[in-house]
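Working notes for the structure below.
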Number of protein chains: 2
Amino acid sequence: MPTTIKDIAKRTGVSHSTVSRALRGDPLISFETTSRIRQAANEMAYLPSAAARSLKTNRSQVLGVIVSSIDDPFFSEIVFGIEEAAQEAGYRLFMAASQHDPAREQKIVQAMMEHRTDGVIICSSSFSPNQGRQLLDYGFPIVVVNHQGAENFHYSIFHDDVDGSRQVTRHLIELGHRRIAYLGNSLSGRTTLDRLTGFKAELQAAGLTVPLEYIHHVAGNDPQFGMDGSKFLLKLELPPTAIVCFNDMLAIGVLKGCREVGLNVPDDISVTGFDNITFSAYTHPPLTTFDQPKQSIGSEAARLLLDLLDTNPDDKVFQPKEIILKGRLLVRNSSAAPPLSAISKKVSTRN
Amino acid sequence: MPTTIKDIAKRTGVSHSTVSRALRGDPLISFETTSRIRQAANEMAYLPSAAARSLKTNRSQVLGVIVSSIDDPFFSEIVFGIEEAAQEAGYRLFMAASQHDPAREQKIVQAMMEHRTDGVIICSSSFSPNQGRQLLDYGFPIVVVNHQGAENFHYSIFHDDVDGSRQVTRHLIELGHRRIAYLGNSLSGRTTLDRLTGFKAELQAAGLTVPLEYIHHVAGNDPQFGMDGSKFLLKLELPPTAIVCFNDMLAIGVLKGCREVGLNVPDDISVTGFDNITFSAYTHPPLTTFDQPKQSIGSEAARLLLDLLDTNPDDKVFQPKEIILKGRLLVRNSSAAPPLSAISKKVSTRN
DNA sequence: TCTGGTTTTGCACACGTGTGCATAATATCG
DNA sequence: CGATATTATGCACACGTGTGCAAAACCAGA
């Protein structure tokens, strides 16, 4: 059915190996013969079989990409960056979403191996160590993005979540907040730990303490989890005047949760997100968030992996590489000074 | 590097063809030999090469999936449905996003052909006819979702956008709205045409007319386009009391656009979306929308394609198939009766 | 033990492509 | 024209897997 090299060879009266060489631009084939062959290939709409080529060359020209969830806009933008860089280099993506499910992870690992992708980019901070081990043992070049077990892999991209979280938290402190809560995502692994670390560090640097119940984790990344989390925090005897959310997805749910208990954001309570996904500019009020260079994260990861692939294996020197990309605080309308009632209470407590 | 069938043959002292047969469960190989071979394969972590198998069998066990945009939550959920059904049948997905860009479309077509995917699901209503033709000519079994050129393909899944749009529009009419605008997405092809058709049909059935400027199209699917579109409509001398948006993404931007000119939704103006993506429950106010069975759309498309693949080619009878899935109106808080001022104006106009 | 039937396994080939090495064709020089 | 060097091409093999057909092994009956 599809045109093969043999079909072209028959039409042009040369051997299949000459066709192969001509199409690949081998200088050993004459210009005249090459032209004839290429014209025939063009007329016959020849497209190489990826499988045959892959089998012969031991290269698939495909990069595996593993994300936590395909419907999280954060990952969509990272994938966009990966795709742009990959396409530029003639690679295609084989994408899979792990959904934080070990069974899915195992199927994904198997798929990557069977398809013999040229390398793998893992954009799931909580990808299981066991499956990661399997990929490593198989010999894949691997680049991880914000992976909690990054020390097991030698090529990593990080977004600086500690710094980002510190900036968000400092912003709230500078606004006058003293009761600041953190809402995390327990499925998220390293990412939430970094953001929590930054949160704590900034509060500590400001000489503030955090009540234990001000650090609350939900088990997912959906706005509904954000809403559930806000319910918990807002029910506290002394509720926070600000909530630092693990990310925009949770923050969007927190906004709704505040509305449902009659709290006005930011007049009564400030809410911040993280990531600056598309929707965070369109919430009411628009979210103060930490703007991650999502596409850059993706394209840096892809470039790093492509560099690894371009390196002659014999020349390979063990040289771990770690790239840290920084974002920037984006102040919108979901954060403001705490309500006066909260400040006056604070004063009376001190007397 | 990876274990091959030849490695297992060497260890078990049989030929590679016996290994192949045993692993495939061929009854011609004895139970005893099969067990030995399978144990060795297990111990040696054998995984077949997808390329070799594909080359030999002329089947890749991969379904191509083309979506308009990977960061649109609507498509993410469709893909999720596709993925579930495909995985159940032992298939993997090779996904690509066309971004309404002909150059990308061409690269995608080429990729599908080179990889010899077993079939293709097109979830892009505006996928170019020329590229679609190429896929058809190549002999791919193809299932299209809401494709504007669906008559060129024989296997289609539709979501009933005419009916959905009629329901949304009727809902607004029943609330008392008489000045209803439609905000469309000119890149969207058939989908926006259907939704506009339903909008017009329902207004006509209610004996209402639509000023020309009440039908406005923006050139994209981002909330920013929704905001731009709202700016246009709200500037009209006689602005609408309700806006039917092509989808939730645009509606989210329209909500912000209304806020920016001091309009309260739904007290001053009603806004409806379409699709019921995750975020539409978390907007302020939560969007009235048309809830599409997104995952069902995906899984039906995959099942249809898998059925096509399971059919013996010699038994194939030309039998076009078209599945129409219906959604349901989801009334939330973005729609309400028009403001009294708009109704009183209407009365005086009639006198 | 021999013959025939059944079961099990291996040989040979091939899917489409790439490439080392040998051979054929061409060009140049004496 | 013949010899030598250079250029261009083809042969043969192989990547890993699957399968038709032949051969080998096994079993049962006369």
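What's counted below: heavy atoms across the whole structure, side chains too, no hydrogens, waters or symmetry copies. Just so we're on the same page: letters track the sequence lines, and every chain starts at 1.
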Classify S30(B) by what it touches in the nucleic acid, base, sugar-phosphate, or nothing, heavy-atom distance under 4.0 Å. sugar-phosphate
Give one of base, sugar-phosphate or nothing for S17(A), where a contact means two heavy atoms less than 4.0 Å apart. base
Less than 4.5 Å apart, side chain to side chain, heavy atoms only: is that true for I66(B) and M112(B)? yes
At under 4.0 Å between heavy atoms, what does L55(B) touch on the DNA or RNA strands: base, sugar-phosphate, or nothing? base
Figure out the CD1/C1' separation between I5(A) and dC11(D), and round it to whole Å. 16 Å
Please collect all ring pair (Phe, Tyr, Trp, His ring centres under 6.0 Å) contacts where either partner lies in residues 77-105 of chain B, sequence neighbours excluded, each pair once. F94(B)-H115(B)
Flag side-chain contact, heavy atom, 4.5 Å: L23(A) against Y46(A): yes
What is the distance from CG of L28(B) to C1' of dC21(D), rounded to the nearest Å? 12 Å
Just to be sure I understand the rule, does V19(B) reach a base, reach only the sugar-phosphate, or reach nothing, if contact means heavy atoms closer than 4.0 Å? nothing
Just call it for T4(B): base, sugar-phosphate, or nothing, with non-hydrogen atoms closer than 4.0 Å on any strand. sugar-phosphate
Would you please name every residue forming a side chain to side chain donor-acceptor pair (under 3.5 Å) with T4(A), sequence neighbours left out? D7(A)
Chain B vs DNA chain C, heavy-atom contacts under 4.0 Å, first-to-last nucleotide span, 5' to 3', is dT8(C) to dG16(C)
Please check the phosphate of dG10(D) (OP1 and OP2 only) for any side-chain N or O of T18(A) closer than 4.0 Å. yes
Decide, yes or no, whether a salt bridge links E114(A) with R53(B) under the criterion of side-chain N to carboxylate O below 4.0 Å. no
Enumerate, atom names and distances included, each donor-acceptor pair closer than 3.5 Å involving a side-chain atom of residues 140-147 of chain A, sequence neighbours excluded.
unit_1: N146(A); atom_1: OD1; unit_2: H159(A); atom_2: N; d: 3.1
unit_1: N146(A); atom_1: ND2; unit_2: D161(A); atom_2: OD2; d: 3.0
unit_1: N146(A); atom_1: ND2; unit_2: T191(A); atom_2: OG1; d: 3.2
unit_1: H147(A); atom_1: ND1; unit_2: G149(A); atom_2: N; d: 3.0
unit_1: H147(A); atom_1: NE2; unit_2: F127(A); atom_2: O; d: 3.2

Touch class at under 4.0 angstrom, heavy-atom based, for Y46(A) against every strand present: sugar-phosphate
Between the CZ atom in F158(B) and the CD atom in E300(B), the distance rounded to the nearest 0.5 Å is 14.0 Å
Is R21(B) touching bases, backbone alone, or none of the nucleic acid, heavy atoms closer than 4.0 Å? base
So for the helix from dT1(C)-dA30(D) to dG30(C)-dC1(D), with five pairs setting each end axis, what is the inter-axis angle to 10°? 60°
Just N and O in the side chain of T33(A): are any of them under 4.0 Å from OP1 or OP2 of dT9(D)? yes
All pairs passing salt bridge (Lys or Arg N to Asp or Glu O under 4.0 Å) where residues 70-83 of chain B contributes a residue, at least two apart: R104(A)-E83(B)
Hey, are Q106(A) and Q110(A) close enough side-chain-wise for a donor-acceptor pair under 3.5 Å? no
